[in-house]
Amino acid sequence: MTSVSAPPRVRFAPSPTGFLHVGSARTFIFNWLYTRHNHGVMVLRLDDTDVERNTDASVQSIFEGLRWLGLDWDEEYKQSERLDLHRKAAEAIFARGLAYRDFTPAHVDDDSPSASAHGAWLFNPGMREMSREESDRRAAAGEPFALRYRVPRGEGRILHFVDGVYGAQSRPADEVEDFALLRSAGAPKDRSSSLGLWDGMPTYHLASCVDDADLAISHIIRGQDHLTNTYKHLLIFEALGAPAPHFAHLPLLVAPDGAKLSKRKHGPVVSVTTYRDAGFLPQAFVNFLCLLGWSPKNDRDFLVLDEIRELFTLEGIHRANAVVNFTEEDPFDAKAVWLNAEHIRALPVDELSRCLTPFLAQAGFNPKPEKIAAVVPLIRERIKLLRDAVPAADFFFVPELAPYDPAELIPLKKGETTGDAALALRVLKTAREVLAATPFDHDSLDRALREAAASLGLKAGPMFQPVRVAVCGRKNAPPLFETLMVLGREVCLERIAQAIVLLQSLA
RNA sequence: GGCGCUAUCGUCUAGGGGUUAGGACGUGAGAUUCUCAAUCUUAAAACCCGGGUUCGAUUCCCGGUAGCGCUACCA
């Protein structure tokens, strides 16, 4: 009852067939959370048994994505380096009579599902029941074959397991097809080894289970698309003489159309680099992904990693697929964007400054860190993505304001279509005089500008707008006094002078 | 086709035999303000359908429907 169980060994096993997918990222995050919540060991394993589709570039981009997330792991393996282990395991399973050679030529997938039109294929009797002698003879003759698991049939055997998310699951073994363990090795002449009886490449099922057993993985947390594959895996663990690990399946991430997220169908929104490049903070991205299919059950949405780790349990995982709500115009889920804005606001100024620096640099701005730090408090509540900082703050960094519509210098009363240009001109001239003579601190500017407005018989609004547009080049900008301060007197006077010229030319 | 999983506001979700079905994002309205943003208040918005069990079902059971997954050498 009180026995202390060993710390869990958990793995994340992506296959490097492209960039890091948001779905994979979420699986990684959930595995990490489970591991760290339970003080276990996190194993990262590259499942690269599909030589046709795996690329080095993909391996790089997956690591890049994982590193960006900021979650760590303790051990690292590459499945392709463990090939011998897989083949030896296959041979052992064959030796125990639990698998057989299938000499059926590997069939190319034609698009027509004709073969499975009526009921599921289970096995090929001619192959399953072939005598060992004949099988050996044909293999020795160099005839290519796949190795198939001999699923127990006619014994009324029921396979079952308790899923950490979906609960008790069971299925008669008779319904499980004789799945492949080793792919056929192709034509004999392609093989370099003299004998070459077991040089087929392992399938995912075999390699994955052999490695999970060898690495003593205790908990397999993966996408729900593997739920029904689990029966095969149970059989493999059994054949290996290894205890079956615990399984937990995660609901899938789907697009608004309900389909599983795919690059071909949904474009770059399925790649975590898209989020990174747009200026998501990794902690916000993780926060968002966690909320897709998991709930802390405390009515809170904004969570930091430490809280999530403490609150995370498999019981909190929802069983239905979760929609990532994006559209073509709006590639990011609104909640992800909101969470990002929240995390941006929660960041200390110096940290946010650091995060912003590369985005500014990309736009050609390389201001001093102190300058960025001065600007950050003015824009942090006005940006949702880091990249928004560029359009929000460019006027702080450009030597010369981009051309703007001079009409914006002229305030409009509600309902009006043309404002009082002469008045705007007077405002700017007054402002220039005032700013030339006022200390550039908040209170002084506040007092001086409001007094100037009063002297012109104006309220603050119509007084501030011309000044704001003159120094920022636009109507919507951060609060005026702070903006003037960061810009400095010299720049402000210069820009107001230019605005005056602009306004005069308009008349 | 077979087998499996799932079904609460537009989206993410909480809840659970008797509730005004809760929260969040988004949306509408208002407040505040030097603009924008932020903030605050507020509104609209959901239990897939049909049976059964029950005094009572959105909740439990069955069926249907729909979506998704797996289904002869992808992972």
*Taking only the side-chain nitrogens and oxygens of A/Arg222, find out if one of them lies under 4.0 Å from OP1 or OP2 of B/A75.*
no
*asked:* So A/Asp47, base contact, sugar-phosphate only, or nothing? Heavy-atom distance under 4.0 Å.
replied: sugar-phosphate
Polar-atom pairs under 3.5 Å, protein N or O versus N or O of nucleotides 60-64 of chain B: list them with distances, or write none.
none

*If we take the C1' atom in both B/G22 and B/C9, what is their distance in whole Å?*
12 Å
*Tell whether A/Lys297 reaches the base of B/A14 with its side chain through a donor-acceptor pair below 3.5 angstrom.*
no
_Given A/Tyr275, which partner from the list A/Phe19, A/Phe326, A/Phe288, A/Phe280 fulfils the ring pair (Phe, Tyr, Trp, His ring centres under 6.0 Å) test?_
A/Phe280
*So what does A/Lys260 touch, heavy atoms closer than 4.0 Å: a base, only the sugar-phosphate, or nothing?*
sugar-phosphate
*P spacing across the pair B/C62 / B/U42, given as an integer number of angstrom*: 43 Å
*Side-chain N or O of A/Arg148 less than 4.0 angstrom from OP1 or OP2 on B/A72?*
no
*Any N/O donor-acceptor pair, A/Thr203 side-chain to B/C73 base, under 3.5 Å*: no
*Which of residues 153-175 of chain A sit near RNA chain B, with a heavy atom under 4.0 Å from it?*
A/Tyr166, A/Gln169, A/Arg171, A/Glu175
*asked:* Around atom CD of A/Glu328, are there more than 12 heavy atoms from other residues, nucleotides or ligands closer than 6.0 Å?
replied: no
*Looking for any heavy atom pair under 4.0 Å, which part of the strands does A/Gly293 touch: base, sugar-phosphate only, or nothing?*
sugar-phosphate
Could you list, one pair per line, each protein nitrogen or oxygen that sits under 3.5 Å from a nitrogen or oxygen of nucleotides 35-41 of chain B, together with the distance?
from	atom 1	to	atom 2	distance (Å)
B/U35	O2'	A/Asn476	OD1	2.7
B/U35	O2	A/Lys475	O	3.1
B/U35	O2	A/Ala477	N	2.9
B/U35	O2	A/Ala477	O	3.1
B/U35	N3	A/Ala477	O	2.5
B/U35	O4	A/Pro479	N	3.1
B/C36	O4'	A/Asn476	OD1	3.3
B/C36	O2	A/Arg382	NH1	2.9
B/C36	N3	A/Arg382	NH1	2.5
B/A37	O2'	A/Glu381	O	2.0

*asked:* Within the 4.0 Å heavy-atom criterion, would you say A/His249 contacts the bases, only the backbone, or no part of the nucleic acid?
replied: nothing
*Considering only atom P, compute the distance from B/U41 to B/A24 and round it to an integer number of Å.*
9 Å
_Nearest-angstrom distance from the residue atom CD of A/Glu177 to P of B/C70_ = 12 Å
*When we call it a touch if two heavy atoms are under 4.0 Å apart, what does A/Ala180 touch: a base, just sugar-phosphate, or nothing?*
sugar-phosphate
*Determine the interatomic distance between C1' on B/G18 and the same-named atom on B/A31; round to the nearest Å.*
39 Å
*asked:* Could you check whether A/Arg148 makes a cation-pi contact with A/Phe123, meaning its NZ or CZ is under 6.0 Å from the centre of the six-membered ring and within 45° of the ring axis?
replied: no
*Taking atom CG of A/Leu503 and atom CG of A/Leu428, what is their separation to the nearest 0.5 Å?*
6.0 Å
